[in-house]
Amino acid sequence: MNLKRIMRMLPFLCLVILSIAAMGCYPDHNQSTFDPKGPVAEAQLVIFWWILIGGLIVTVLVEAALIYAIFKFRRKSDDEMPKQVHGNTRLEILWTVIPAIFLAVIMVPTIQTLFYAAEAPKSTLPQHTLEAIGHQWWWEFEYVDEVASDGRTIITANELHIPANRDVYLTMTSADVIHSFWVPKLNGKRDVVPGRITNLTLHADAPTPLDHPHLGQCAEFCGLAHADMRIRAFVHDAAGYNEWVAGQLEPNLATGPGWDTFRAFCTLCHQVTIDDGGAIVTFGPSIPDRGLTLTVDGVDFKSSRAPNLTHFGSRSTFAGATFANTVEHLSSFIDDPSSLKPMDPDRNELRTVDEIKDGQRDRILGMPDYGLDQAEIDAVVRLLRSWN
Ligand code: CUA
């Protein structure tokens with residue numbers, strides 16, 4: 001393509017790029033930062049406008065002065081030398097002091113907001129403490145304050161349920177590489193780092209409709225499926241939250257068809273809590289080899305190898321909140337996981353139970369493909385979806 005044609009297409013290209021950028025700013029989008037739904041996101045938006053307006057004023061003033069100077073002092077004839085101002089102390093003080101004032105005006109509220117965003121909840125009410133662990137490529141959330149009579153807590157993956165108008169304190173770490181927790185409508189990004197604890201206070205102003213949760217995203221490049229490491233934050237009123245908690249603390253009831261396959265393959269990595277004829281039993285890798293016993297700065301994180309599937313049927317999505325929890329998606333995912341979500345670089349290899357048992361699981365990233373037949377897949381999908 002020659003330069004002329006490129007130049008002719010330039011306005012059109014600019015228009016396309018601009019409209020794509022504008023779509024990202026569309027406030028109604030449930031991942032937009034322009035429609036904050038919590039106090040921290042709101043404070044951050046105020047800072048954004050503050051800096052944008054400050055920057056615009058500087059741009060307009062500087063460009064105006066530049067354009068004025070270009071025309072006013074342009075060379076009119078070959079032997080003309082414009083007026084020289086080198087060494088003008090008054091001018092030099094002026095153009096040092098003015099930017100310093102501008103920077104100070106932007107810096108003070110920025111630093112205040114930074115500290116505000118990092119604050120731990122001051123509330124004397126019982127805190128909702130949530131432990132969050134970043135994994136390649138999913139989020140694990142443990143509700144350490146919501147405990148059943150037998151000591152079980154709620155462990156979910158990717159989907160977060162929080163009460164409205166309450167502070168929820170996140171204690172976060174990573175099981176592998178650096179991730180970043182980001183739900184734009186509630187908070188800015190906070191890195192999730194292996195061997196370190198980072199915290200974040202989530203506070204949402206109002207409940208979200210069940211089909212319109214706040215969306216989030218891992219915001220630090222963490223490998224092959226980084227883009228498929230998403231978050232859905234559902235906000236409930238007090239009654240709705242209590243109801244959700246009570247439901248999650250129930251063990252999953254049914255085993256039924258599909259259970260033998262599930263036990264033989266899925267529980268090598270996934271945990272699930274079952275009411276096994278009156279006894280409440282958790283199947284799956286036991287705590288010492290749940291993959292990673294994470295103790296960071298004195299906090300014991302109960303880290304799993306793979307998402308805990310208790311109440312899987314109640315989740316709206318799966319696989320890093322990437323796919324809707326439907327029969328079709330689940331069947332294709334179990335049939336060939338890496339074709340839906342790129343995880344394993346050797347994606348075409350079938351895995352055996354022994355290979356996974358041998359501890360190779362840590363080297364095989366993402367869900368393995370065991371080559372189950374369609375009848376087995378159908379039964380497992382039905383079973384998973386019955387655990388609501
Ligand atoms: Cu985790 Cu990007």
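Numbering of ligands and ligand atoms starts at 1, following listing order. In this chain, residues are counted from 1 in sequence order.
Nearest heavy atoms, Ile274 versus Trp387: CD1-CZ2, 3.8 Å.
Under a cut-off of 6.0 angstrom, the local environment of CH2 in Trp259 is crowded, with over 12 non-hydrogen atoms contributed by other residues, nucleotides or ligands. Within 6.0 Å of the CD atom in Glu92, the count of heavy atoms belonging to other residues, nucleotides or ligands exceeds 12.
Side-chain contact check for Thr273 and Arg152: no donor-acceptor pair (N or O, by modelled atom type) lies under 3.5 Å. Side-chain contact, Thr201 with Glu119: no donor N or O sits under 3.5 Å from an acceptor N or O.
Excluding waters, the protein N/O/S atoms found under 2.8 Å from atom 1 (Cu) of ligand 1 are His179 ND1, Cys218 SG, Cys222 SG, Met229 SD.
In summary, Arg351 and Asp344 engage in a salt bridge, as defined by a charged side-chain N under 4.0 Å from a carboxylate O.
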